[in-house]
Colleague: 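So that we are looking at the same thing, I have put the structure below in structure tokens.
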Amino acid sequence: DIQMTQSPSTLSASVGDRVTITCRASQGISTWLAWYQQKPGKAPKLLIYKASSLESGVPSRFSGSGSGTEFTLTITSLQPDDFATYYCQQYNSYPFTFGPGTKVDIK
Amino acid sequence: EVQLVQSGAEVKKPGESLRISCKGSGYRFISYWISWVRQMPGKGLEWMGRIDPSDSYTNYSPSFQGHVTISADESISTAYLQWSSLKASDTAMYYCARYEPGRGFDYWGQGTLVTVSS
């Protein structure tokens, strides 16, 4: 199985901050990586697919980059609605695997 | 509007069987795979497996293979996740999600909470 790791596990930030979350795969996955946002009590929401493609309707302050084994999710100017947990997911090979999550909370 | 609507919360005893459902609407059901994802209380997301509703071909995570069965009925645009013998450790929220190969899970159900307790 491909193992996914994320750093940091928790991130404290303020509105307006630039935030970067890193995701690493235990082996190369090309660009078959997605990012999701999850708020408490809600289903996850797709933000980015194929490492850098912005899902329709997602604000442009979200962006993704990377290929192979290292990926980043960047939020250029954190908004109040962005405080949530973020997960990366590889879908290069079965079983699809998620990272452990990064919780973004208010500093 | 694309929607995945899941069946309601369940409370079961260990050893009981259960089937939960996920009904798709607003799109051609057989054109997208359905995956199931577990989230245990306070924990992260775990991919359980997926089905192609056009031919019922499935893939399972080794962590769930043999413990759950994923199926689909294209005539009613519904996917299912079932257990033949529940354990207390199956207590979790279960989500279905639509998957288009190459695009990730773009639509999710609202989740079904399964509680297994004696």
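Numbers restart at 1 for each chain; the letters A, B, ... are given by sequence-line order, proteins then strands. Just so it is clear, the model here is predicted, and its values are computed rather than measured.
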Colleague: Taking the ring of B:Y27 and the ring of B:Y32, is the distance between their centroids below 6.0 Å?
Modeller: yes
Colleague: Does any heavy atom of chain A fall under 4.5 Å from the side chain of B:N59, the backbone, both, or neither of them?
Modeller: side chain
Colleague: Tell me which of these, B:G109, B:P62, B:P101, B:S35, has more heavy-atom pairs under 4.5 Å with chain A than the rest.
Modeller: B:P62
Colleague: Indicate yes or no: does B:D90 engage B:K12 in a salt bridge with an N to O separation below 4.0 Å.
Modeller: no
Colleague: Tell me, for B:E46 versus chain A, whether the close heavy atoms (under 4.5 Å) come from the side chain, the backbone, both or neither.
Modeller: backbone
Colleague: Side chain, backbone, both or neither: which part of A:D1 has a heavy atom under 4.5 Å from chain B?
Modeller: side chain
Colleague: Heavy-atom distance under 4.5 Å to chain A: side chain of B:Y107, backbone, both or neither?
Modeller: neither
Colleague: Under 4.5 Å heavy-atom distance to chain A, tell me which part of B:F105 shows up: side chain, backbone, both or neither.
Modeller: both
Colleague: Given side chains that start at C-beta, do those of A:T102 and A:S9 come closer than 4.5 Å, heavy atoms only?
Modeller: no
Colleague: Cation-pi between A:K50 and A:W32: NZ/CZ under 6.0 Å from ring centre and within 45° of the ring axis?
Modeller: yes
Colleague: Side chain from CB out, backbone as N, CA, C, O: work out which of these in A:Y87 comes under 4.5 Å of a heavy atom of chain B, or both, or neither.
Modeller: side chain
Colleague: Between CG of B:L18 and CG of B:L81, what distance do you get to the nearest 0.5 Å?
Modeller: 8.0 Å
Colleague: Is the A:Y91 to A:Y49 ring centre distance short of 6.0 Å?
Modeller: no
